Protein chains: 2
Amino acid sequence: MNLPPLVQTFVLHFGEMGSRWGINRTVGQIYALLYLSKEPLNAEDIVERLGVSRSNVSMGLKELQAWNLVRLQHKPGDRRDYFATPDDIWQIVRTLVEERKKREIDPTMTLLREVLMQEPASAEERHAQERMREMHDLFELLTGWYADVQRLDTERLVQLLTLGSKVQKVLEMKDRLFVVPGSRKSGRDAPKDK
Amino acid sequence: MNLPPLVQTFVLHFGEMGSRWGINRTVGQIYALLYLSKEPLNAEDIVERLGVSRSNVSMGLKELQAWNLVRLQHKPGDRRDYFATPDDIWQIVRTLVEERKKREIDPTMTLLREVLMQEPASAEERHAQERMREMHDLFELLTGWYADVQRLDTERLVQLLTLGSKVQKVLEMKDRLFVVPGSRKSGRDAPKDK
DNA sequence: CTGAAATTTCAGAATTTCCTGAAATATGTG
DNA sequence: CACATATTTCAGGAAATTCTGAAATTTCAG
């Protein structure tokens, strides 16, 4: 591995972190390297710096492209592919969350819906279904929140995050000012029944 | 594997999902099984239902305990350990997030702080440090938000999530009502300089 | 204290995942 | 089209992880 010490520390760490996230070490390292790099890198650059095989880099880059996590660029008079991460780190986060949702949450929701349609054949199954219903509803709440928040531009998102639970205070104030007894609570529209 | 079909579907799915999360298949299956089970189960119950070895179950349960994801119970006149998940699914989510933060985010923040203390030896390292600073600040924002939100009781948390980005509307309203030109924006206190 | 039941440990087998080098394929230039 | 360069594919070896059975340890009732 042929990197400035400071960069190497970070790259090694993200290689290890990758493992915990079900992403392999090399892919984590490639991404860390691209993230820190000022200039886009071509595959051969990555080979030299990480000291892994050309084919390994090729597979890693393919995986990162499948995740929409890298931009591909070209330099005039050079037909090699150059890779870079988005300049905006928030864009990276958005993509990561989006892709993980697509691969993990969505299929799980599909499965939960299917299983919840079935007729329980025993008390045991009935209880299991109740538990799955709880999980389904929780995921629905979280993905609904996510869909909402995801649409905000970054500036407003940061505002919201900075505020944290202080939002609560604002809501209480609003309630005290505007809610008349017996009125409905405000909130996102309830999801339509299927 | 000896389970009602409905339960088996779910257990198998979470076994696979486990792999994607750096958790091994058996651990995922054990947790799914406990989550759906009305009664706490002992190790032998789990062996019978999942059809894996006793020692594998023992290791899996140990791992789940290390994650604080299972409660251990005893029945009178029976010295075997019985395991269950929390009844409240929100408690499960809170624990999961807390533990992942502890294992993944916290060490990463430590590393970032260390690396950011060092003197860059080149333009390349200087740029790398800037990128690490961006990541550091982003994680700080997210963990700050998380620390805030985590303290809310579940009812208020659900309120907040249900509201989604509509919060934004409330904030705008608040600003229109109360902010006088030149006043500071409200928000969480800025982190102290170290 | 003894012995039976429950649990844990752990070495090595089984499985899965990762990585490489060689070959195949693709791309674009002259 | 031919050639050089770039990239991808893929079989099989390397490495890591998961899982098991046997042995060791712990626990507790009598």
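Below, chain A is the first sequence line, B the second, and so on; all start at residue 1. As the structure is a computational prediction, the values presented were derived from the model and not from experiment.
With D:dT20, D:dC10, D:dT18 as the candidates, the nucleotide lying closest to the side chain of B:Asn24 is D:dT18.
Of all heavy-atom pairs spanning A:Arg20 and B:Arg100, the tightest one is O-NH2, 3.4 Å.
Pair assignment for D:dG30 gives C:dC1, based on Watson-Crick or G-U wobble hydrogen-bonding distances that are each under 3.5 Å.
The ring of B:Tyr31 has its center no closer than 6.0 angstrom to the ring center of B:Tyr35.
Between A:Leu6 and B:Met132, the closest side-chain pair of non-hydrogen atoms falls below 4.5 Å.
In this structure, a donor-acceptor pair under 3.5 Å is absent between the side chains of A:Thr110 and A:Glu114. Side-chain atoms of A:Glu98 and A:Gln150 include a donor-acceptor pair closer than 3.5 Å.
C:dT9 atom C1' lies 15 Å from atom CG of B:Leu61, rounded to whole Å. Residue B:Ile23 contributes atom CD1, which lies 13 Å from atom P of D:dC19 at whole-angstrom precision. When rounded to the nearest whole Å, the span between CZ of B:Arg54 and P of D:dC19 equals 15 Å. One atom, CD1 of B:Ile46, and another, C1' of D:dC19, lie 16 Å apart when rounded to the nearest Å. A:Leu50 places its CG atom 15 Å from the C1' atom of C:dC18, with the value rounded to the nearest Å. Nucleotide C:dA6 holds its P atom 20 Å from the CE atom of B:Met59, rounded to whole Å. Between the C1' atom of C:dC18 and the CD1 atom of A:Ile30 lies a distance of 13 Å, rounded to the nearest Å. Between A:Glu44 atom CD and D:dT7 atom P there is a gap of 9 Å when expressed in whole angstrom units.
Under 4.0 angstrom from either OP1 or OP2 of D:dC19 there lies no side-chain N or O belonging to B:Ser53. For the OP1/OP2 pair of D:dA15 and a distance below 4.0 Å, the side-chain nitrogens and oxygens of A:Arg25 include no atom meeting the criterion. The side chain of B:Ser55 contributes no N or O atom lying less than 4.0 Å from OP1 or OP2 of D:dA22. In terms of phosphate contacts, B:Lys62 brings no side-chain nitrogen or oxygen within less than 4.0 Å of OP1 or OP2 of C:dT7. Within the structure, a side-chain polar atom (N or O) of B:Thr26 is placed less than 4.0 Å from OP1 or OP2 of D:dC19.
Heavy atoms of B:Asp81 sit under 4.0 angstrom from primed sugar atoms or phosphate atoms, though from no base atom. Using a 4.0 Å heavy-atom criterion, one finds that B:Asn56 contacts the bases of the nucleic acid, with or without backbone contacts as well.
Judged by distance alone with a 3.5 Å cut-off, no donor-acceptor contact links the side chain of A:Arg80 to the base of D:dA6. If you check distances only, the side chain of A:Arg79 does reach the base of D:dT5 with a donor-acceptor pair under 3.5 Å.
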